[in-house]
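First up is the structure itself, then whatever we jot down about it.
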Amino acid sequence: MKNISLTIDEKNVKAQEGMTILQVAQSSDIEIPILCHHEDLEPYGACRLCTVEIIKNDKTKLVAACCYPVEEGLIVKTCSERVDKIRKIILELLLPLAPTGTLYALAEKYGLCECVKKSDEESEWRMIKELRFPAEKPTYCTLCGLCVRYCAEIKKGNVIGFIGRGVDRKVSLVPEENCGFCRDCENICEGGKFFSLLEL
Amino acid sequence: MRKLQSTSDMEKLRKELLRKQDSSKSCISICSGTGCHAYGSEKVVSAFENELKKQKLEGKVEIKRTGCHGFCEKGPIVVIYPEEICYLQVKIEDVKEIVSRTIKAGRIIDRLLYTDLKTGKVVHESEIPFYKNQTRLIFGNNRKIESKSIEDYIALDGYNALGKALSEMTPKKVLDEIKKANLRGRGGGGFPAGRKWESVCNAPGEPKYVIVNCDEGDPGAYMDRSLMEGNPHSVIEGLIIGAYAIGSHKGYIYVRQEYPLAVENTELAIKQAEEYGLLGKNILNSGFDFTIKIHRGAGAFVSGESSALMSAIEGKVGEPRPKYIHTSEKGLWDKPTCLNNVETWANVPFIINKGADWFKTFGTENSKGTKIFSLVGNVNNTGLVEVPMGITLREIIYNIGGGIPNGKKFKAVQNGGPSGGCIPETQLDLPVDFDELNKVGSMMGSGGMIVMDEDTCMVDIARYFVKFLSQESCGKCTPCREGLRHMLRILDNIADGKAAEEDIKRLEELSEFVKEASLCALGQTAPNPVLSTLKYFRDEYDAHLQGECPVKVCKELIQYYIDPEKCKGCGLCLNKCPTGAISGEKKGVHTIDVGKCIKCGACFEVCNFDAVSKISGKERNLKELTYN
């Protein structure tokens with residue numbers, strides 16, 4: 001493996017060929033928000049929350065950090081006005097669909113909501129601004145595909161899949177195939193859909 | 001059929017075929033492309049066969065089922081050779097007369113000819129303005145050959161370029177020629193084909209694959225379909241030459257299942273090429289092996305995206321994947337893969353036969369050659385047109401397309417499929433090439449060209465395309481899926497008159513977001529129809545905010561109204577109204593009960609006195625007052 005040096009947020013970092021921007025950032029304690037990424041799974045690049053700016057041949061480009069392989073001399077900006085705006089809209093779009101702790105915690109960083117203490121034990125999330133993109137009703141699913149991919153790649157189960165296309169895309173269980181009820185999908189799910197799916 | 005052993009063997013076959021062709025013998029060539037087929041060309045063919053039998057001309061006159069001629073507006077098209085007499089909109093009833101008068105007596109039937117408004121009747125196909133103003137390099141042979149005959153293709157110098165490449169040129173030389181020609185991908189992106197070939201060639205990893213992308217899914221576009229159906233060998237020949245240059249031995253042709261004739265003709269063409277030894281092992285004794293497999297697409301628009309298409313061939317769901325490592329390095333089964341569009345491959349034999357310098361005489365500085373467009377919508381001559389790059393939109397729409405029908409005014413032309421942009425009249429003198437179209441917020445795309453007249457509502461158009469794309473998006477990445485969902489919601493509200501100024505700002509913000517943040521080109525270009533209509537037709541959006549649809553298309557913003565001055569009380573509208581919304585005495589003025597009206601427009605269509613009209617906006621409020 002070839003050693004590579006690059007710049008992330010004006011910090012020189014070392015990496016090895018084949019690593020993604022996200023991997024390099026994580027190993028250098030630089031935080032990039034993620035949702036559909038899991039270190040045991042193949043990079044997927046669907047949620048786009050890890051969008052970062054790169055500068056290559058004097059051109060600025062937006063790429064998904066979880067998928068982009070690092071190159072010698074690459075300049076990466078993990079936050080900028082452009083990047084923050086994109087992440088904020090992604091969270092504005094996803095939060096109404098899956099109003100759960102993980103999403104609120106991410107949204108908090110972008111000034112969309114705050115955690116209000118109600119008592120010593122209890123606190124609740126409160127929106128700072130009105131939601132601009134409300135959902136008809138929460139589905140508790142961001143379609144991040146973690147469950148689908150975990151079941152297929154790690155458990156070799158293929159018990160969960162996507163059905164439908166475009167705005168009609170959904171996650172669905174195919175229980176007659178060999179579901180061993182390991183419930184790993186439930187544990188990996190950040191949106192809370194699997195709780196309800198498996199209970200059914 | 002014999003296996004051809006060398007280029008001279010092929011030359012011998014070509015001479016034999018040409019000798020057999022009797023140029024003085026009459027030939028009835030009937031377009032069997034999809035358009036003419038739908039008009040019933042197959043029945044016309046049978047009628048000709050029967051009629052020739054009846055008039056004892058069997059065997060003396062040849063019948064040819066050719067590929068699409070392109071002038072689909074006027075199908076079925078029949079051309080009689082050697083005179084090249086072109087009859088349009090031929091019906092079964094015309095067949096007897098054509099055989100007895102034209103074939104037997106050599107006389108021309110005027111009523112079946114094309115009528116030019118200025119010059120009158122036109123006898124020869126190539127003199128019809130629709131054809132005369134085109135440059136048909138790639139598409140021209142479609143009408144000359146029988147789609148199912150490899151011999152017809154060979155007789156017209158088919159597979160000559162392959163012979164030349166294999167016997168006289170090294171793979172490097174072929175590659176250099178394509179690079180020199182600056183052939184750019186006809187599928188949408190316009191990426192230089194030579195550079196793509198070169199990176200596949202240089203990428204480590206074996207085997208290497210070549211792919212024909214025939215997953216044309218744009219509404220209204222059918223040029224790839226017509227080439228693949230009408231002249232499949234031209235695409236196959238290009239593919240073999242490309243494979244030779246790159247060093248690939250396995251090719252795929254990805255055809256959508258919805259194109260059954262393209263699948264059928266391509267399958268047959270591959271079989272014929274194999275039998276002649278133009279595919280398979282040791283092609284023309286050159287030591288080069290190459291085979292082709294057809295993959296039938298399962299009908300997803302997004303599968304036209306190269307990485308999604310490759311996933312589909314692998315047997316997975318056709319979803320795009322990030323292409324930070326190009327498919328030319330890691331494509332099909334993670335091997336170096338060269339994917340080009342049907343038309344791009346079909347250009348290759350021409351470049352090899354006639355040279356890059358010849359090819360470069362067509363087109364503009366950075367967009368060489370010709371481009372086939374599917375000219376549809378509100379235009380007189382609907383069909384497929386091939387023009388040199390750099391021709392203006394005005395020339396295409398008016399000189400070839402014959403202008404806008406019914407005396408209406410031109411409003412916009414939408415280029416490049418659903419994710420293209422709408423170009424207004426002020427930009428009509430724009431030269432059509434890859435870069436110029438991008439500059440005005442549209443794109444070449446695969447070559448769809450939808451002409452719209454003054455009765456088109458641009459908000460409605462933007463809504464139509466966004467709806468199409470939101471359903472055809474794969475739904476994998478958030479910006480495309482959720483962004484388009486909310487863009488559509490806003491557009492629905494605008495069309496329904498329920499939006500405010502801030503909704504347009506939100507629409508613009510979402511458009512920029514979807515464009516910047518989406519995973520693949522489908523999402524990255526999806527906002528084009530919205531951004532371009534906002535740019536050029538902002539006043540229409542503003543009117544909708546004020547409750548008016550200026551061209552009276554958006555249902556929620558219009559109302560049907562009977563003019564009491566014009567109504568004769570004939571009762572026709574009253575009888576047609578499906579909801580009983582119209583009332584009135586015979587010979588008395590009729591009125592519409594707005595509460596019951598479902599705005600189906602039946603009354604508007606049926607009125608003989610122009611008494612029923614559509615009203616919108618302020619006018620609506622005024623007229624409502626006079627009603628009460």
Side-chain angles (χ1 to χ4, degrees), chain A residues 18 20-21 35-36 42-51 53-54 56 60-71 74 82-83 85-98 131-136 142-145 148 152 161-171, chain B residues 298-303 307-308 316-326 329-330 334 418 466-490 502-503 505-520 522-524 526:
Chain A
T20 62
I21 293 175
L35 190 62
C36 74
E42 285 290 314
Y44 191 53
C47 73
R48 315 306 282 176
L49 208 56
C50 67
T51 298
E53 244 179 81
I54 59 164
K56 204 177 140 184
T60 309
K61 241 170 83 176
L62 292 166
V63 300
C66 68
C67 296
Y68 197 90
V70 289
E71 297 150 293
L74 190 73
R82 210 168 150 207
V83 163
K85 197 173 165 190
I86 285 171
R87 291 185 190 153
K88 200 169 154 185
I89 298 179
I90 292 173
L91 290 164
E92 282 185 279
L93 289 165
L94 292 179
L95 190 59
L97 289 170
L131 285 168
R132 294 197 297 164
F133 308 114
E136 270 158 30
T142 62
L143 295 162
C144 67
V148 176
F162 288 113
I163 54 165
R165 189 195 296 157
V167 289
D168 298 322
R169 187 173 171 102
K170 284 183 189 70
V171 163
Chain B
F301 176 75
V302 70
S303 292
S307 66
K316 298 176 194 151
V317 177
E319 274 172 18
R321 50 192 185 217
K323 288 197 286 190
Y324 302 132
I325 299 174
H326 296 298
E329 287 170 46
K330 278 187 172 184
D334 279 343
V466 170
K467 187 170 185 195
F468 176 87
L469 291 163
S470 73
Q471 288 167 342
E472 288 298 331
S473 153
C474 73
K476 177 175 171 177
C477 77
T478 316
C480 184
R481 183 189 67 241
E482 300 304 329
L484 288 176
R485 187 198 308 272
H486 286 276
M487 280 171 70
L488 180 60
R489 226 173 258 180
I490 296 171
E502 64 173 63
D503 290 300
K505 282 207 190 94
R506 204 169 285 180
L507 182 64
E508 279 173 316
E509 194 185 337
L510 275 178
S511 298
E512 287 301 334
F513 160 74
V514 174
K515 201 171 157 180
E516 286 203 310
S518 292
L519 190 158
C520 82
L522 187 147
Q524 287 156 11

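These values consider heavy atoms only, across backbone and side chains, with no hydrogens, waters or symmetry-generated copies. Proteins get letters first, then strands, A, B, ... in listed order; numbering begins at 1 in each. Quantities reported herein were computed from a predicted structural model and do not represent experimental measurements.
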Check: Heavy-atom distance under 4.5 Å to chain A: side chain of B/L488, backbone, both or neither?
Finding: neither
Item checked: Student check: side-chain heavy atoms of A/I90 and B/E482 closer than 4.5 Å -> no
Checklist line | Taking every non-hydrogen atom, the tightest pair across B/F513 and A/I86 | finding: CE1-O, 3.5 Å
Notebook entry, point to check: Any donor-acceptor pair under 3.5 Å linking the side chain of B/S470 with the backbone of B/K467?
Noted result: yes
Notebook entry, point to check: Do A/R87 side-chain atoms and A/L49 backbone N/O form a donor-acceptor pair below 3.5 Å?
Noted result: yes
Checklist line | Side chain, backbone, both or neither of A/R169 within contact of chain B (heavy atoms, under 4.5 Å) | finding: side chain
Next item on the list: Let me know if A/K61 has heavy atoms under 4.5 Å from chain B in its side chain, its backbone, both or neither.
Entry: neither
Item checked: Interchain contact, B/L469 with chain A, by part (heavy-atom threshold 4.5 Å) -> neither
Next item on the list: Answer with side chain, backbone, both or neither: which region of A/L35 has an atom nearer than 4.5 Å to a non-hydrogen atom of chain B?
Entry: neither
Check: Tell me, side chain or backbone of A/V63 under 4.5 Å from chain B's heavy atoms, or both, or neither?
Finding: both
Item checked: Top contributor to chain B contacts, counting heavy-atom pairs under 4.5 Å, from A/G145, A/P134, A/C144 -> A/P134
Checklist line | Any residue meeting side chain to side chain donor-acceptor pair (under 3.5 Å) with B/R506, in chain and number order, not counting sequence neighbours | finding: B/E502
Notebook entry, point to check: Most heavy-atom pairs under 4.5 angstrom with chain A, which of B/G475, B/P479, B/P322?
Noted result: B/G475
Item checked: 4.5 Å side-chain heavy-atom contact, B/E516 and A/R48 -> no
Check: So what's closer than 4.5 Å to chain B heavy atoms on A/L94: side chain, backbone, both or neither?
Finding: side chain
Checklist line | Heavy-atom proximity to chain A below 4.5 Å, by part of B/E512 | finding: neither
Notebook entry, point to check: What is the minimum heavy-atom distance between A/L91 and A/P96, and which atoms define it?
Noted result: O-CD, 4.2 Å
Notebook entry, point to check: Considering only heavy atoms, which portion of B/R485 lies under 4.5 Å from any heavy atom of chain A: side chain, backbone, both, or neither?
Noted result: both
Check: With a 4.5 Å limit on heavy-atom distance, are the side chains of B/L507 and B/M487 in contact?
Finding: yes
Check: For A/R82, is it the side chain, the backbone, both or neither that has a heavy atom under 4.5 Å from a heavy atom of chain B?
Finding: side chain
Next item on the list: Could you check whether the rings of B/F301 and B/F468 sit parallel, tilted or perpendicular, using 30° and 60° as the cut-offs?
Entry: perpendicular
Checklist line | Contact winner vs chain A - B/C474, B/G483, B/A517, heavy-atom pairs under 4.5 Å | finding: B/C474
